[in-house]
Amino acid sequence: MFFYPHVGELGSAYLQVMLVAGIGLILPFVVNRSSTVHRVALFVVSIALALRYAFWRITDTLAPVGLTIDFAASGALLLLEMVALVGSLSAFVIMMRVRDRSPEADEHAAWWGEHEPRVAILIATYNEELDVLARTIIGAKSLRHVNKEVLVLDDGRRDWLRDYCAAQAVRYMRRPDNKGSKAGNINHALARLAEDEVVPDFVAVLDADFVPHRGFISRTLALFHDPEVGLVQTPQHFFNADPIQHNLGVARSYPDEQRFFFDHMQASRDAWGIAFCCGTSSVCRWTALQDLGGLPTESVTEDFMLTLALQNIGWRSVYLAEPLTEGLAPEGLKEYVTQRARWCLGLMQIARSSMGPFARNNLRLRDRWSVIDSVFYWMTTFPFRVAAIVFPLLYWFFNITVVDARLPDVITYFGTFYLWIIVVLNLLSRGMVVPILNDVSQLIGAIPISRAAFTGLLRPHGHPFSVTAKGGDRSRIVVQWRMMAPFAIMLTLTLVGLCLGIVSDRFSYNDAGDGKWVVLFWTGYNAVVLAVTVIACVELPRRERHIADAPERALFESEDGAHEVWLTSLTADTARVRGRRYPPTTRGVLEIAEVGAVESYVISETRDGARVQLLPNEAQREALFVKFYAEGAEPGVANVRLSAMMSDLARRLSFSSR
């Protein structure tokens with residue numbers, strides 16, 4: 001380590017951390033996020049610090065070698081950490097490059113000339129409710145692309161949905177069984193489409209809860225100017241908060257858990273040519289699907305496997321990082337965790353399939369690396385997150401040495417590495433990496449995801465397919481006791497161990513160098529993460545699915561005459577008007593841009609206006625769906641607003657009312 005004699009070892013360690021912090025303050029003014037040279041420089045330093053840290057951990061922090069439980073525990077933690085570090089190094093290499101295809105889409109807009117390509121828009125559904133399906137169907141019908149056909153693929157075989165599709169003049173399909181799950185459903189539709197007199201040129205796939213923006217088809221088709229492109233994937237955005245955002249009260253200040261992947265990792269993967277299909281919000285060339293013979297069914301994540309299967313026969317997949325669809329994130333924690341465990345299981349099935357990294361196929365080396373990188377992510381991130389909670393407890397209660405290290409060395413090697421990574425990732429992602437909240441989002445599903453990772457790798461098939469439930473009643477507080485229990489137990493043990501370590505050496509001695517101080521800080525951090533995780537397991541009521549945040553002018557006409565008001569908090573059923581107060585039960589007509597004159601009545605009076613119940617007819621309700629979901633910019637929060645997030649968290653953790 002670098003040593004400054006005049007400040008001592010500990011002071012020297014702090015100076016190195018302060019140096020990294022100082023560089024971090026300067027970097028935003030000199031780094032171009034889209035420059036490959038700049039990104040390579042940042043991540044080369046990251047890799048150097050990571051290897052420096054790994055060398056120190058391996059050579060200087062283990063318990064004494066021997067047939068002891070101390071050495072076994074210390075070695076097990078080191079092994080988990082080093083495997084996780086390999087996954088991080090792979091991610092660093094991927095993020096060295098980034099690609100923005102929007103200029104390419106601009107340049108090649110309408111490359112097809114006067115005759116629009118024919119596009120089949122497939123909406124796969126199983127058990128979704130009508131209010132979820134209606135907005136997707138209406139959004140698909142409202143796409144600006146004229147030469148299209150909307151098809152609803154109903155694996156639930158529901159007569160009411162067939163009748164609704166007939167009323168909406170969209171094509172309805174059902175099949176006699178559910179073989180192959182979603183992939184089988186789509187393959188059945190592709191076989192039926194192949195029998196049509198005119199087959200489509202392209203096929204767009206939407207999940208039942210994903211509404212396309214009106215330019216979804218025209219923007220994605222622009223990238224098919226390249227005859228080698230078989231698939232174009234776009235990001236997924238969500239018009240509602242995910243469970244962690246919502247339960248912690250940070251929906252307006254902290255991005256959803258998938259933003260980092262879709263806004264940054266996929267764009268970096270695309271620069272390497274390894275962006276992959278994520279199911280919904282994608283468009284595929286008809287001839288590519290015919291060459292392939294349909295979607296692969298060897299994995300429950302048929303989307304990722306589709307990318308590999310297409311590449312295997314010579315078709316490329318690309319990524320367009322534009323907000324062109326928006327959907328419904330899982331609203332409950334059970335659904336949230338189930339979805340991610342299914343993704344994990346599917347990836348392990350791919351690793352063991354004919355498209356696996358070590359199978360005999362035509363995949364490029366980079367495609368094999370892509371699969372291995374994903375395997376490392378699922379197999380190391382979540383088990384290590386659990387280990388980081390459990391291993392300090394071994395020290396407090398059983399005096400098992402898990403880290404034998406000096407405090408100045410910990411600050412020098414770990415502190416500088418960790419701070420540099422946080423600085424770089426936040427610089428390139430515009431502030432999306434918030435340590436405690438990131439840890440909570442990983443920890444909350446770590447146990448079932450870890451189980452899915454190892455059982456999926458050892459026994460890839462024979463697991464039931466679980467559909468992520470969407471919609472449903474969210475009007476009351478629900479405590480997920482079974483999910484909370486392990487975190488509550490670990491929090492209790494962590495707090496007890498922390499108290500024991502502070503007040504007594506009876507359970508944890510000072511015979512591991514400065515290890516006690518290291519584990520003391522580590523335990524304190526774990527206590528905070530666990531406490532926030534426990535709070536996140538208390539699911540709060542949800543009253544609205546979508547909010548039009550930008551105020552707009554409207555006209556409210558009642559018995560008192562017509563008056564201009566500001567329209568805020570607009571939903572399909574209610575609105576808040578500001579600028580003029582109205583007593584309850586006042587009836588009138590609210591003139592909303594692009595919707596028309598909607599019959600309304602006042603529910604309650606507010607300080608500066610009123611809350612209004614809307615009574616739209618069917619045409620107006622459809623117009624509201626288009627206004628909410630098919631037009632405008634991306635929904636949700638794109639970047640962390642730090643001061644607002646701290647305020648939101650403080651309010652939630654203090655249990656004060658909003």
Side-chain angles (χ1 to χ4, degrees), residues 33-34 91 94-95 97-106 121 123 135-136 139-140 143 204-224 229 231-242 245 251 254-284 301 303-304 306-307 316-330 336 339-340 343 370 374 377 425 428-433 441 468 470 546 628-640:
R33 296 180 182 88
S34 60
I94 289 174
M95 291 190 71
R97 302 170 67 180
V98 69
R99 182 160 189 173
D100 178 12
R101 291 189 183 268
S102 291
E104 182 184 350
D106 294 337
I121 303 165
I123 302 172
R135 56 184 172 231
T136 303
L143 286 163
V205 176
L206 295 171
D207 280 354
D209 56 305
F210 264 81
V211 186
H213 288 192
R214 301 190 74 177
F216 169 60
I217 296 298
S218 58
R219 292 299 289 173
T220 50
L221 288 191
L223 296 184
F224 285 102
V229 171
L231 183 143
V232 175
Q233 177 66 51
T234 67
Q236 297 174 13
H237 288 81
F238 305 97
F239 50 75
N240 65 320
D242 70 31
Q245 286 178 295
Y254 180 72
D256 65 85
E257 182 255 351
Q258 292 192 62
R259 283 279 52 79
F260 183 85
F261 170 75
F262 280 111
D263 291 356
H264 302 284
M265 283 303 299
Q266 272 282 59
S268 289
R269 281 177 157 269
D270 188 37
W272 289 94
I274 55 173
F276 58 84
C277 177
C278 301
T280 186
S281 313
S282 62
V283 180
C284 198
T301 51
D303 40 20
F304 194 157
L306 173 61
T307 300
R316 294 195 298 117
S317 299
V318 299
Y319 182 69
L320 180 60
E322 294 181 3
L324 297 172
T325 64
E326 54 186 85
L328 186 64
Y336 176 89
Q339 183 186 68
R340 281 144 182 80
W343 293 345
S370 173
S374 299
Y377 171 76
L425 292 181
L428 299 181
S429 68
R430 300 182 187 275
M432 283 195 184
V433 182
S441 67
T468 305
K470 302 290 177 70
H546 186 282
F628 288 154
Y629 308 110
E631 295 180 340
E634 64 192 71
V637 180
N639 301 303
V640 173

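The first residue in the sequence is number 1, and the count goes up from there.
When atom types are taken as modelled, the side chain of Asp242 and the backbone of Glu257 share a donor-acceptor pair closer than 3.5 angstrom. At distances below 3.5 Å, at least one donor-acceptor pair connects side-chain atoms of Thr307 with backbone N or O atoms of Cys277. Put simply, the side chain of Tyr319 gets close to the backbone of Phe262: a donor and an acceptor are under 3.5 Å apart. Put simply, the side chain of Arg269 gets close to the backbone of Ile274: a donor and an acceptor are under 3.5 Å apart. A donor-acceptor pair is defined here as one N or O able to donate and one able to accept, closer than 3.5 Å; no such pair exists between the side chain of Asp209 and the backbone of Gly327. For the pair Gln233 (side chain) and Thr280 (backbone), a donor-acceptor distance under 3.5 Å is present. The closest donor-acceptor contact from the side chain of Thr136 to the backbone of Ala208 lies under 3.5 Å.
Under a cut-off of 6.0 angstrom, the local environment of CZ in Arg33 is crowded, with over 12 non-hydrogen atoms contributed by other residues, nucleotides or ligands.
For the pair Asp106 and Arg101, the salt-bridge criterion is not met [side-chain N within less than 4.0 Å of a carboxylate O].
Applying side chain to side chain contact (heavy atoms under 4.5 Å, CB included) to Leu231 and the options Val283, Leu306, Val205 leaves one that passes, Leu306.
Atoms CG and CZ, on Leu324 and Phe210 in that order, are 12.0 Å from each other to the nearest 0.5 Å.
Ring planes of Phe276 and Phe304: parallel class, angle under 30° (limits at 30 and 60°).
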